[in-house]
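Presented below is the structure to which this report refers.
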Amino acid sequence: MSPKYDLILKGGTVVLPDGCKETDIAVKDGVITAIGTIPDTDAGQVYEAAGLTVMPGAIDIHVHFNEPGLGSWEGFATGSASLAAGGVTTYVDMPLNGVPPTVSAKAFDLKLQHAESSSYVDYALWGGLVPGNKDELAGLAARGAVGFKAFMSEPGGEGEDIFTRADDLTLLEGMREIAGLGGLLALHAESDAITQEMAARLRSQDSIDMRAYLASRPVIAEVEAVNRALLYARQTGCALHFVHISSVQALELIDAAKAEGLDVTAETCPHYLSLTDEDAVRIGAVAKCAPPLRDRDNRELMWEAFRRGSIDIIASDHSPCPPEMKLSDNNFEIWGGISGAQSTLNMMIEEGYIKRGVDLQCIAEATAATPARRTGLAYRKGSIEVGKDADFALIDFSSGFVLQPENLLYRHKQSPYIGYAFSHSIAATFCRGHQVYEHGTGVAQAQGCKGIFIPGKQSGVYERGTAYA
């Protein structure tokens with residue numbers, strides 16, 4: 001007779017939607033089947049979780065794994081391995097940097113071919129909105145894209161087949177189309193006019209160091225773009241998600257739009273909650289990103305915004321590149337992107353829970369539950385509940401480490417967090433009930449389990465969460 005359950009996680013402190021409690025979790029066929037006191041004899045496998053904290057597997061809705069075409073930057077295998085090591089069990093890959101970018105149904109299918117059998121954890125995909133592809137959006141939605149990504153400033157890239165900025169008319173007409181599909185638009189919101197002109201002025205004065213780059217992308221560039229996008233949302237009824245918001249001033253505009261009734265969410269990244277502009281100057285190229293790192297006062301105000309619920313989602317914006325693309329004295333020319341996907345949950349726990357007293361339930365909401373709801377994945381993902389996929393990140397608060405390059409599973413071992421001392425560690429990661437990571441051992445594709453595509457299922461207006469006390 002086969003056992004009642006495939007797996008029991010025994011005795012851990014479990015972060016549930018309504019609080020934390022010490023309990024067991026039973027898994028059958030990759031799904032959470034029971035939560036409570038469960039006899040060991042009912043399971044084919046028992047994992048002793050006593051002394052560990054069991055959080056829902058994180059969902060990173062903002063990664064760049066760059067396949068097809070640019071797997072030499074980062075591919076699905078190395079990118080997803082790093083996520084597994086960081087307690088992430090589902091990710092949503094961005095449409096740019098691949099060759100071709102994911103702006104058509106054909107390109108979407110090609111990206112799925114590259115992800116299949118390569119990923120250690122589960123995945124979904126964004127489609128893209130660029131000039132000239134409005135007629136492709138319905139096909140992308142039909143294939144399960146969680147939404148569409150657009151840039152209000154030039155994203156950069158290599159070659160002729162690159163992802164380009166959405167001009168105002170493309171943005172307005174695309175938002176009407178997306179609204180008609182019941183979809184979601186994710187926006188990189190920085191004013192192209194401001195950032196391009198500021199960069200041109202500084203470069204004409206031979207100001208090309210990191211401080212010049214920081215000055216070329218001021219807070220007003222983000223605020224202006226957010227304000228313009230919200231105006232278009234009012235006109236079109238399009239649901240908006242602002243990616244990697246870096247300033248509290250932009251969050252104030254988004255808060256006002258939420259109060260007005262607009263369907264809008266805000267994401268930020270661990271680097272805006274842990275690093276500052278001074279860190280960018282000190283660390284150099286590996287800390288270059290857009291929007292750039294802000295000052296210390298803004299960082300602390302961002303934490304206050306997180307506490308009051310103004311920040312809905314935490315995502316990494318993992319944007320890797322070969323090391324040689326970070327080697328230049330001209331900070332306008334080096335590739336702008338932070339490699340951080342492996343450290344997102346660690347950074348939120350260390351900077352939020354341990355240093356600032358933010359409770360783990362709030363961190364789980366921003367790293368798992370809300371990302372799942374916003375991208376239409378909550379029918380399977382995002383919380384530890386009966387009927388959901390058995391996705392877990394097990395945290396060991398008795399075992400710390402200092403992050404070193406050899407700990408990183410990225411293709412290129414770059415990170416602004418190298419040298420950071422963590423007072424905890426990810427002990428293990430489970431995806432649909434299969435262990436895909438063990439601290440000290442590494443990642444492995446569990447027998448009979450590989451990461452699978454999870455299509456997004458949009459379900460109307462976003463269900464807003466609560467403030468994080």
Side-chain angles (χ1 to χ4, degrees), residues 12-23 49-60 86-88 244-248 251-252 254-255 258 265-276 278-279 293-316 340 342-372 382-384 392-403 416-417 419-427 439 464-469:
T13 300
V14 182
V15 181
L16 299 166
D18 58 352
C20 301
K21 68 177 180 180
E22 190 172 308
T23 189
L52 303 177
T53 298
V54 184
M55 296 186 69
I59 299 172
D60 193 337
V88 178
H244 53 49
I245 291 294
S246 68
S247 68
V248 71
L251 288 175
E252 289 168 354
I254 296 168
D255 275 344
K258 292 175 180 176
T265 45
E267 161 199 309
T268 198
C269 308
H271 43 270
Y272 298 118
L273 295 171
S274 59
L275 302 174
T276 69
E278 293 302 319
D279 291 311
L293 299 174
R294 307 298 187 188
D295 63 33
R296 184 181 298 269
D297 288 344
N298 180 78
R299 181 187 65 184
E300 296 311 312
L301 288 171
M302 292 286 283
W303 275 108
E304 290 181 21
F306 181 77
R307 286 180 177 276
R308 68 173 180 262
S310 297
I311 296 170
D312 301 287
I313 290 171
I314 301 296
S316 69
Q342 189 169 320
S343 303
T344 294
L345 194 54
N346 285 129
M347 293 302 297
M348 290 304 297
I349 290 172
E350 198 72 29
E351 292 285 334
Y353 174 68
I354 292 173
K355 291 186 177 180
R356 293 175 173 85
V358 177
D359 69 52
L360 291 177
Q361 191 179 352
C362 299
I363 292 171
E365 180 74 18
T367 58
T370 307
S383 55
I384 299 177
F392 312 121
L394 277 60
I395 315 301
D396 186 351
F397 286 103
S398 68
S399 176
F401 70 104
V402 176
L403 185 67
Y417 306 128
Y420 190 101
F422 294 96
S423 61
H424 70 284
S425 59
I426 309 294
H439 182 67
R464 185 118 12 241
T466 57
Y468 302 152

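Quick note: residue numbers are just sequence positions, from 1. Both backbone and side-chain heavy atoms feed into the values below; hydrogens, waters and symmetry mates do not.
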Item checked: Heavy-atom check, side chain of Leu52 versus side chain of Ile395, under 4.5 Å -> no
Note to self: Centroid separation under 6.0 Å, is that true for the rings of Phe397 and Tyr353?
What the structure shows: yes
Notebook entry, point to check: Do Thr370 and Glu365 pass the side-chain hydrogen bond (donor to acceptor under 3.5 Å, both in side chains) test, and can you show the C-alpha distance, the side-chain angles, and the key distance before you say yes or no?
Noted result: CA-CA 6 Å; Thr370 307; Glu365 180 74 18; 3.0 Å; yes
Next item on the list: Could you tell me which residues satisfy salt bridge (Lys or Arg N to Asp or Glu O under 4.0 Å) with Lys21, sequence neighbours excluded, listed by chain and number?
Entry: none
Note to self: A side-chain contact here means heavy atoms from C-beta on lying under 4.5 Å apart; do Pro270 and Glu351 qualify?
What the structure shows: no
Next item on the list: Quick one: closest heavy-atom pair of Ala368 and Ile59, and the distance?
Entry: O-CD1, 3.5 Å
Next item on the list: Please name the pair of heavy atoms, one in Ile311 and one in Ile314, separated by the smallest distance, quoted to 0.1 Å.
Entry: CG2-CD1, 4.1 Å
Checklist line | Gap between atom OG of Ser274 and atom CG of Leu293 - 0.5 Å precision | finding: 8.0 Å
Next item on the list: Could you tell me which non-hydrogen atom of Pro56 sits nearest to which non-hydrogen atom of Ser383, and how far apart they are?
Entry: CB-CA, 4.1 Å
Check: Taking the side chain from Gln361 and the backbone from Cys20, do they hold a donor-acceptor pair closer than 3.5 Å?
Finding: no
Notebook entry, point to check: What residues, two or more places apart in sequence or in another chain, satisfy salt bridge (Lys or Arg N to Asp or Glu O under 4.0 Å) together with Glu300?
Noted result: Arg356
Check: Hey, which of Asp359, Thr53, Ile384 is the one that makes side-chain contact (heavy atoms from CB on, under 4.5 Å) with Val15?
Finding: Thr53
Next item on the list: Name all residues meeting the side-chain hydrogen bond (donor to acceptor under 3.5 Å, both in side chains) criterion together with Ser316; count only those two or more places apart in sequence or in a different chain, and write none if there are none.
Entry: Asp60
Next item on the list: State, to 0.1 Å, how close Val358 and Phe306 come at their nearest heavy-atom pair, and which atoms those are.
Entry: CG1-CE2, 3.7 Å
Note to self: Could you work out, with side-chain contact (heavy atoms from CB on, under 4.5 Å) as the rule, every residue matching Glu252, not counting sequence neighbours?
What the structure shows: Val248
Notebook entry, point to check: For Ser247, what residues pass the side-chain hydrogen bond (donor to acceptor under 3.5 Å, both in side chains) criterion, not counting sequence neighbours?
Noted result: Glu222
Notebook entry, point to check: Less than 4.5 Å apart, any side-chain heavy atom of Val88 and any of Leu345?
Noted result: no
Check: Any side-chain heavy atom of Leu273 sitting closer than 4.5 Å to one from Met347?
Finding: no
Next item on the list: Take Asn346 and His424 through the test side-chain contact (heavy atoms from CB on, under 4.5 Å) and record every step on the way to the result.
Entry: CA-CA 8 Å; Asn346 285 129; His424 70 284; 3.0 Å; yes
Margin query: Within the structure provided, determine whether Met302 and Thr268 are in side-chain contact (heavy-atom separation under 4.5 Å).
Written below: yes
Checklist line | Partner set under side-chain contact (heavy atoms from CB on, under 4.5 Å) for Thr276, not counting sequence neighbours | finding: Glu278, Asp279, Arg296, Arg299
Next item on the list: State, with a plain yes or no, whether a side-chain heavy atom of Phe422 is found less than 4.5 Å away from one of Val402.
Entry: no
Item checked: Nearest-0.5 Å distance, SG of residue Cys362 to CE of residue Met348 -> 10.0 Å
Notebook entry, point to check: Roughly how far apart are Met55 CE and Ile363 CD1, rounded to 0.5 Å?
Noted result: 6.0 Å
Next item on the list: Indicate the atoms forming the closest heavy-atom contact of Gly352 with Trp303, along with that distance.
Entry: CA-CH2, 3.4 Å
Next item on the list: Measure the CD1-SG distance between Ile313 and Cys269 for me, rounded to the nearest 0.5 Å.
Entry: 11.0 Å
Note to self: Using the side-chain hydrogen bond (donor to acceptor under 3.5 Å, both in side chains) criterion, which residues pair with His244? Sequence neighbours excluded.
What the structure shows: His188
Check: Is the closest side-chain donor-acceptor distance between Glu22 and Thr13 under 3.5 Å?
Finding: no
Margin query: Restricting to side-chain hydrogen bond (donor to acceptor under 3.5 Å, both in side chains), what partner residues turn up for Ser310, sequence neighbours left out?
Written below: Asp255, Arg308
Next item on the list: Kindly indicate, with the supporting measurements, whether the criterion side-chain contact (heavy atoms from CB on, under 4.5 Å) is fulfilled by Ile426 and Leu394.
Entry: CA-CA 6 Å; Ile426 309 294; Leu394 277 60; over 6 Å; no
Check: Going by the angle between their ring planes, with limits at 30° and 60°, are Tyr417 and Tyr420 parallel, tilted or perpendicular?
Finding: perpendicular
Next item on the list: Return the minimal non-hydrogen interatomic distance between Gly382 and Ala372, and the atom names on each side.
Entry: CA-CB, 3.8 Å
Checklist line | side-chain contact (heavy atoms from CB on, under 4.5 Å) partners of Ser425, counting only residues at least two apart | finding: Asp396, Ser399, Phe401, His439
